[in-house]
There are 2 protein chains.
Amino acid sequence: MAKAKNSIAVSAEEKIREAARRVFTKKGYAATRTRDIAEEAGLNLALLNYYFRSKEKLFAIVMEERMRQFFGVITPLMNDVTTTLDQKIERIVSSYVDMLLQHPDLPLFILNEIRHNSDLFDRFQADRLIQSSHFVTQLKEKQPDIHPLHFVVSILGMTIFPFVAKPVLRSAGGISQQMFVEMMEERRKLIPKWAKAIIKMKP
Amino acid sequence: MAKAKNSIAVSAEEKIREAARRVFTKKGYAATRTRDIAEEAGLNLALLNYYFRSKEKLFAIVMEERMRQFFGVITPLMNDVTTTLDQKIERIVSSYVDMLLQHPDLPLFILNEIRHNSDLFDRFQADRLIQSSHFVTQLKEKQPDIHPLHFVVSILGMTIFPFVAKPVLRSAGGISQQMFVEMMEERRKLIPKWAKAIIKMKP
DNA sequence: GTCTATACAAAGATAGAC
DNA sequence: GTCTATCTTTGTATAGAC
């Protein structure tokens with residue numbers, strides 16, 4: 001029947017999808033039981049199969065959505081022809097910091113699931129995303145001695161890695177949740193500064 | 001019975017431990033079935049329980065070993081009082097590149113399992129590993145304006161992140177296995193250079 | 001110590017009532 | 001569409017023969 005998209009009520013189908021998103025992201029595909037999802041949704045297990053046929057199909061839908069979220073941050077910013085290289089760097093870092101503070105589990109989830117089934121990503125038509133970007137064109141122009149891939153990987157590494165290593169930082173670094181947030185706010189400014197120092201560096 | 005430690009023959013117990021190491025590291029705890037391990041070891045499933053009591057106990061042993069391998073690289077190098085700061089940076093990066101080229105699955109395995117059970121790491125007595133290191137003392141002396149944690153996280157991020165993102169690099173970056181190895185050999189020299197540029201940077 | 005056979009529990013999927 | 005009850009498969013662990 002007509003889904004009340006504008007009402008407060010949420011359809012069972014949507015409840016399940018949202019519950020699945022949370023549980024899959026937190027525990028990963030293999031450790032997630034369909035019963036966990038049903039419980040999280042406050043609904044019965046049978047409805048999951050009624051709407052989505054199988055655990056695998058439901059997962060594919062969630063994964064598609066989450067990959068779009070994860071890679072969607074960077075794609076438009078890399079190819080924005082109206083921004084300078086420095087602006088691009090600032091915006092890419094800042095957007096990732098914003099998004100990952102909201103969704104700290106996302107990188108480890110995405111990267112881990114892709115590792116176990118790299119077709120997931122291949123199907124995502126992100127082929128040669130980096131090489132052919134406007135970002136790379138601008139970087140080559142400004143500093144031809146830096147291999148663009150190295151540069152992009154470093155910026156993303158500096159930005160995303162702290163989220164991947166978060167539990168380790170808490171122990172080995174003595175970092176509380178609040179300190180972690182403050183740390184990432186600092187990095188938001190710090191990483192672009194460092195990136196510029198690297199660009200200006202004499203070879 | 002006496003285990004023939006010096007002979008070519010490997011005990012069943014050891015075969016299972018090694019098989020478990022490979023399978024757990026590749027697939028993660030949840031996706032690993034004890035049958036996979038037995039098969040990989042070329043032995044019967046019952047032996048697994050005979051020697052290790054349960055999947056969980058076997059996993060704990062493997063995990064302990066792998067964490068020691070992953071964190072063991074950095075600990076002694078960070079606290080070596082005979083090396084300069086620059087030398088420490090070079091050696092930390094280089095050692096990780098060496099080790100991770102041999103064991104590319106290690107970071108994602110470790111970080112993902114820790115996320116799902118952070119007690120694993122807490123039990124590892126790595127408390128305040130970074131803060132109290134000789135590395136940090138030297139960095140503070142040379143460049144008091146850089147927060148040491150930011151610096152360490154950035155170096156490790158630039159070094160380790162490529163391995164974590166490897167499947168993505170292959171698609172989005174158009175990187176073959178051979179190109180990946182070459183890329184990491186370049187980074188071995190590049191990252192310390194960049195790190196030095198950051199240290200020398202005017203605030 | 002090592003194996004085969006099997007018990008037992010967990011998890012995915014479906015049947016059928018409402 | 002939504003539920004309870006159940007079937008089936010898979011996976012962990014054990015019993016018992018050799």
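Heavy atoms only: backbone and side chains are in, while hydrogens, waters and symmetry mates are out.
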query: CG of B:Leu108 to CG of A:Asn112: how many Å apart, nearest 0.5 Å?
result: 4.5 Å
query: Is a side-chain donor or acceptor of A:Thr32 paired with a backbone partner of A:Gly28 at a separation under 3.5 angstrom?
result: yes
field: Under the side-chain contact (heavy atoms from CB on, under 4.5 Å) test, residues paired with A:Lys88 that sit two or more places apart
entry: A:Thr83, A:His134, A:Phe135, A:Gln138
query: Can you check the B:Glu39 CD to C:dT4 P distance for me, whole Å?
result: 13 Å
- line: Nucleotide by nucleotide, nucleotides 13-18 of chain C touches protein heavy atoms under 4.0 Å in the pattern (B base, S sugar-phosphate only, - none) BBB---
task: Take atom CD of B:Glu65 as the centre, draw a 6.0 Å sphere, and report whether it contains more than 12 heavy atoms from other residues, nucleotides or ligands.
output: yes
Nucleic acid contacts of residues 22-33 of chain A, taken as heavy-atom distances under 4.0 Å to DNA chain D: none
field: Rounded distance in Å - CZ (A:Phe59) to C1' (C:dA11)
entry: 17 Å
statement: Here the pair of heavy atoms bringing A:Phe70 nearest to A:Tyr96 is O-OH, 2.7 Å
Nearest-angstrom distance from the residue atom CG of B:Leu47 to C1' of C:dG1: 7 Å
message: Applying side chain to side chain donor-acceptor pair (under 3.5 Å) as the test, list every pair that has at least one member in residues 46-61 of chain A; sequence neighbours left out.
response: none
Tabulate below the donor-acceptor pairs under 3.5 Å that side-chain atoms of residues 156-174 of chain B make, not counting sequence neighbours, or state none.
{"residue": "B:Thr159", "atom": "OG1", "partner": "B:Ile155", "partner atom": "O", "Å": "2.8"}
{"residue": "B:Lys166", "atom": "NZ", "partner": "B:Gln177", "partner atom": "OE1", "Å": "3.2"}
{"residue": "B:Ser171", "atom": "OG", "partner": "A:Asp122", "partner atom": "OD1", "Å": "2.5"}

- request: Take the protein atom OH of B:Tyr51 and the nucleotide atom C1' of D:dT14, then report the distance between them rounded to whole Å.
  value: 17 Å
- prompt: What integer distance in Å separates A:Glu13:CD from D:dG1:P?
  reply: 8 Å
- prompt: Excluding sequence neighbours, so at least two apart, what forms side-chain contact (heavy atoms from CB on, under 4.5 Å) with A:Arg22?
  reply: A:Glu18, A:Ala19, A:Glu40
